[in-house]
Amino acid sequence: QVQLVESGGGLVQPGGSLRLSCAASGIIFFSHYTMHWYRQGPGKQRELVATERSDDTTDYADSVKGRFTISRDNAKNTVYLQMNTLKPEDTAVYYCNADWGPHNYWGQGTQVTVSS
């Protein structure tokens, strides 16, 4: 019933930008959820990249601070990740996650590759 559909990944050169989208369907009270972006790079564990809570406060991993911005549009049940000044070490599969009490949902992941 619940589905998170991610889009916007792709291949970009270092210094480039991408905007990821995660569209939720079947989630009632989307605005109550804390939304996260995670990523998992080659040979690495999954790590938390960015968080936006229901009150719109945000957190970022140190590695992306100043370069990435998480945002949400509750009317569209969508969360975004704007990624600027991309580096090769940003290469990973990026996952959207929605979390509210006992409810926890994941997107399918979208590949971001930063390479020249």
Visitor: Could you measure the distance from the SG atom of C96 to the CE atom of M35? Nearest 0.5 Å is fine.
Guide: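 CE of M35 is found 4.0 Å from SG of C96.
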Visitor: Hey, could you give me the OG1/CG distance between T78 and L4, rounded to the nearest 0.5 Å?
Guide: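 Result: 10.0 Å between the selected atoms.
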Visitor: Look up atom CD in Q82 and atom CZ in R67, then write down how far apart they are to the nearest 0.5 Å.
Guide: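 Between Q82 CD and R67 CZ, I get 12.0 Å after rounding to 0.5 Å.
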Visitor: According to a hydrophobic-cluster definition based on side-chain heavy atoms being under 4.5 Å apart (Ile, Leu, Val, Met, Phe, Trp, Tyr only), do V112 and V49 belong together?
Guide: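 Linked, V112 and V49 end up in one cluster.
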Visitor: Would you say L20 ends up clustered with Y60 if hydrophobic residues are merged whenever their side chains have heavy atoms under 4.5 Å apart, either directly or through other cluster members?
Guide: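 In one cluster: yes.
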Visitor: Measure the shortest side-chain to side-chain distance between M83 and V64 over non-hydrogen atoms and say whether it is less than 4.5 angstrom.
Guide: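 With C-beta onward as the side chain, the pair stays apart.
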Visitor: Return the OG1 to CZ distance between T85 and F68, rounded to the nearest 0.5 Å.
Guide: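 T85 OG1 to F68 CZ: 9.0 Å, rounded to 0.5 Å.
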Visitor: Both conditions, 6.0 Å and 45 degrees, for the charged tip of R72 above the ring of F30: are they met here?
Guide: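 Yes.
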Visitor: Can you tell me how far the CZ atom of R46 sits from the CZ atom of R39, to the nearest 0.5 Å?
Guide: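 Going from CZ on R46 over to CZ on R39, the span is 13.0 Å.
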Visitor: Short question: side chain of T91, backbone of V114 - any donor-acceptor pair under 3.5 Å?
Guide: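 It does hold such a pair.
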Visitor: Apply salt bridge (Lys or Arg N to Asp or Glu O under 4.0 Å) to the pair D62 and K65, showing each step before the final yes or no.
Guide: CA-CA 5 Å; D62 287 341; K65 284 180 181 176; 3.0 Å; yes
Visitor: S54 versus W100: any side-chain heavy-atom pair under 4.5 Å?
Guide: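 No, every pair of side-chain atoms sits at 4.5 Å or beyond.
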Visitor: Would you mind listing every salt bridge (Lys or Arg N to Asp or Glu O under 4.0 Å) that reaches into residues 3-25, with sequence neighbours excluded?
Guide: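 As it turns out, there is no salt bridge (Lys or Arg N to Asp or Glu O under 4.0 Å) pair with a partner in residues 3-25 once direct neighbours are skipped.
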Visitor: By ring pair (Phe, Tyr, Trp, His ring centres under 6.0 Å), which residues pair with Y94, not counting sequence neighbours?
Guide: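 So Y94 forms no ring pair (Phe, Tyr, Trp, His ring centres under 6.0 Å) with any residue.
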Visitor: Other than Y95, which residues form its hydrophobic cluster under the rule that side-chain heavy atoms must be closer than 4.5 Å?
Guide: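 Its cluster partners, ordered by chain and number, are Y38, L48, V93, W106.
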Visitor: Between CG of L81 and SG of C22, what distance do you get to the nearest 0.5 Å?
Guide: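 Atom-to-atom, L81:CG and C22:SG are 10.5 Å apart.
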Visitor: Can you name the nearest heavy-atom pair linking S116 to P14, along with the distance?
Guide: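 In this case the closest contact between S116 and P14 is N-CD, 3.7 Å.
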Visitor: Ignoring hydrogens, what is the shortest heavy-atom contact between G8 and L18? Give both atom names and the distance.
Guide: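 Between these two residues, the closest heavy atoms are O-CD2, 3.6 Å.
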Visitor: Can you hop from V2 to V79 via hydrophobic side chains spaced under 4.5 Å?
Guide: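 Yes; tracing contacts between hydrophobic side chains, which count when under 4.5 Å, links both residues.
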Visitor: I70 and L86: same hydrophobic cluster, using ILVMFWY side-chain contacts below 4.5 Å?
Guide: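 Linked, I70 and L86 end up in one cluster.
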Visitor: Give a yes or no answer on whether the side chain of Y33 reaches the backbone of N97 with a donor-acceptor pair at less than 3.5 Å.
Guide: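 Side chain of Y33 to backbone of N97: no pair is present.
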Visitor: Are I27 and H103 side-chain neighbours, meaning at least one heavy-atom pair lies under 4.5 Å?
Guide: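 No, too far: nothing below the 4.5 Å cut-off.
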Visitor: Could you check whether any side-chain heavy atom of S21 comes within less than 4.5 Å of a side-chain heavy atom of K76, counting everything from C-beta outward?
Guide: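 In short, these two side chains do not touch, never coming nearer than 4.5 Å.
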